[in-house]
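A short write-up of the structure that comes next.
Values reported hereafter were calculated over all heavy atoms of this structure, with side chains retained and with hydrogens, waters and symmetry mates removed.
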Amino acid sequence: MMAFFWYHELLLWLVAVGLAAADLKLDCGPDYVTLVWSDSRSQADASLFRLGSCFPTTFTTQEVVFNVELDNCNFRRLVSGNELNYTNDLFYMSSRDSYVLPFTLPVVCSYQRPKDWYPILYDPVSSTYGVEDLVFYIELMNADFSGPAETATFPLGSMIPIMASVEAVAHQPLLLLLEECVAATTSDLEIAVETYTIITNKGCLVDSKISHSKFEQRQKASELRLLLQAFRFGLGQEVYIHCTMVAWDPNGLGSTKKACHYVKDHGWELLDNPVYSSICDCCDSSCKTRRARSPGAGNGLFQKAVIGPLTIPDLA
């Protein structure tokens, strides 16, 4: 599938205190990864290692081996200049009676991007647990949403078209919502020093209060189109947009399941039915979670995703 990518380099950072003695080997193939963690003095339980969502392929008391495909284990695909990076995390879960604390090791495989390959900055994130054939997507689009963006550079003040969607086969119709979105200068939100809030409070596009950002009218329920005005946060740096997507019952909109944007001189407006825009009144306070009927799982079907990197230069 990815035989046209040339292996360029591999990077592995050791970030957990007390693991300096560990021997870590990473082999990035054209469409697979082999990762070996070994430590002759470690007291870690090898069965508690994970690479993304994958269990070890084999393990002993002193060595853990993963032989996996890049399509598996929730690898994230990120474009950076002329490189195509696949990122994941090796983490140790630990246990109550263990002397070894939990830790995480970032894993990156970098490939040279072919010259004729444009950065479609999305991947099917993963099938949602417990639901057949349900796959989420999020991507940068061109100006009229007719196809993927051919650039990841958006000058300050220009509009960034983003489309999120969900594909559901043999499943009731689903409404796609964005519950939260924040921008950061790292693909790992947990280590971000600062973030810029775009959508919060269970679907409130708060950025629309200070900019021209807005939701576009839906073409179908399973898609959500966002026009995001390029902001000053991370100006000139690589920026990543982290979102939580939600697939929901189209008839189950409420204060915690909605898509609201702010219309100048009018106030908060509900995208899917402005008549019921009072649902959005909590956007200026707190939209509290409530128990509700959902399409399949107890509190709905959620998936986290990241777009990036993109760059916002100031051309003034």
Report task. Rounded to the nearest 0.5 Å, what's the gap from CG on N273 to NZ on K258? Could you check? Result -> 15.5 Å
**Report entry** Sequence-distant partners of D207, side chain to side chain donor-acceptor pair (under 3.5 Å), two or more places apart
**Finding:** Y196, S211, S213
Query raised in the report: Got a sec, which residues hit side chain to side chain contact (heavy atoms under 4.5 Å, CB included) with V64, two or more places apart in sequence or on another chain?
Result: W37, A46, F49, P56, F59, F66
Query - Any M159 side-chain heavy atom under 4.5 Å of L228 side chain - result: no
Query raised in the report: Cys pair C181/C243: SG distance under 2.5 Å?
Result: yes
Query raised in the report: Could you go step by step and tell me if L176 and L174 meet the side-chain contact (heavy atoms from CB on, under 4.5 Å) rule?
Result: CA-CA 6 Å; L176 195 284; L174 296 173; over 6 Å; no
Report summary line: For residues 263-283, the salt bridge (Lys or Arg N to Asp or Glu O under 4.0 Å) pairs (sequence neighbours left out) are R218-D272
Query - Residues which pass side chain to side chain donor-acceptor pair (under 3.5 Å) with S47, listed by chain and number, not counting sequence neighbours - result: D45
Query raised in the report: Hey, mind stepping through L24 and V36 against side-chain contact (heavy atoms from CB on, under 4.5 Å) and telling me if it holds?
Result: CA-CA 6 Å; L24 297 142; V36 180; over 6 Å; no
Requested in this report: Starting from the C-alpha separation in whole Å, work towards a yes-or-no answer on side-chain contact (heavy atoms from CB on, under 4.5 Å) for R50 and F55.
Outcome: CA-CA 5 Å; R50 301 289 184 270; F55 289 76; 2.8 Å; yes
Query raised in the report: Is C54 close enough to C73 that their SG atoms are under 2.5 Å apart?
Result: yes
Query raised in the report: Is there side-chain contact between Y32 and V68, with heavy atoms separated by less than 4.5 Å?
Result: no
**Report entry** Sub-4.5 Å side-chain heavy-atom contact between T244 and F302
**Finding:** yes
Requested in this report: Check step by step if disulfide (SG to SG under 2.5 Å) holds for C204 and C280.
Outcome: CA-CA 7 Å; C204 302; C280 304; over 6 Å; no
Query raised in the report: Would you call I199 and V206 a side-chain contact if the rule is heavy atoms closer than 4.5 Å?
Result: no
**Report entry** Partners meeting ring pair (Phe, Tyr, Trp, His ring centres under 6.0 Å) with F233 (sequence neighbours left out)
**Finding:** none
Report summary line: residues 176-199 vs salt bridge (Lys or Arg N to Asp or Glu O under 4.0 Å), sequence neighbours excluded, gives E179-K202, E179-K257
Query - ring pair (Phe, Tyr, Trp, His ring centres under 6.0 Å) involving F154 - partner list, sequence neighbours excluded - result: none
Query raised in the report: Taking only residues two or more places apart in sequence or in another chain, which ones pass salt bridge (charged side-chain N to carboxylate O under 4.0 Å, His left out) with E69?
Result: none
Report task. Quick one: do V182 and I198 satisfy side-chain contact (heavy atoms from CB on, under 4.5 Å)? Show the steps, please. Result -> CA-CA 5 Å; V182 299; I198 299 167; 5.9 Å; no
Report task. For the pair Y111 (side chain) and G29 (backbone), establish whether a donor and an acceptor sit closer than 3.5 Å, ignoring hydrogens and angles. Result -> yes
Query raised in the report: With a 4.5 Å limit on heavy-atom distance, are the side chains of V107 and T87 in contact?
Result: no
Report task. Could you tell me which residues satisfy side chain to side chain donor-acceptor pair (under 3.5 Å) with T197, sequence neighbours excluded, listed by chain and number? Result -> none
**Report entry** Test item: L35 and V65 side chains (from C-beta on) under 4.5 Å apart, heavy atoms
**Finding:** no
Query raised in the report: Would you say the SG of C283 sits under 2.5 Å from the SG of C260?
Result: no
Query raised in the report: Taking only residues two or more places apart in sequence or in another chain, which ones pass side chain to side chain donor-acceptor pair (under 3.5 Å) with N72?
Result: none
Query raised in the report: What pairs with L156 under side chain to side chain contact (heavy atoms under 4.5 Å, CB included), at least two apart in sequence or on another chain?
Result: R232, L235, I312, D314
Query raised in the report: For A221, which residues count as a side chain to side chain contact (heavy atoms under 4.5 Å, CB included) partner, sequence neighbours excluded?
Result: L175
Query raised in the report: Are L90 and T104 side-chain neighbours, meaning at least one heavy-atom pair lies under 4.5 Å?
Result: no
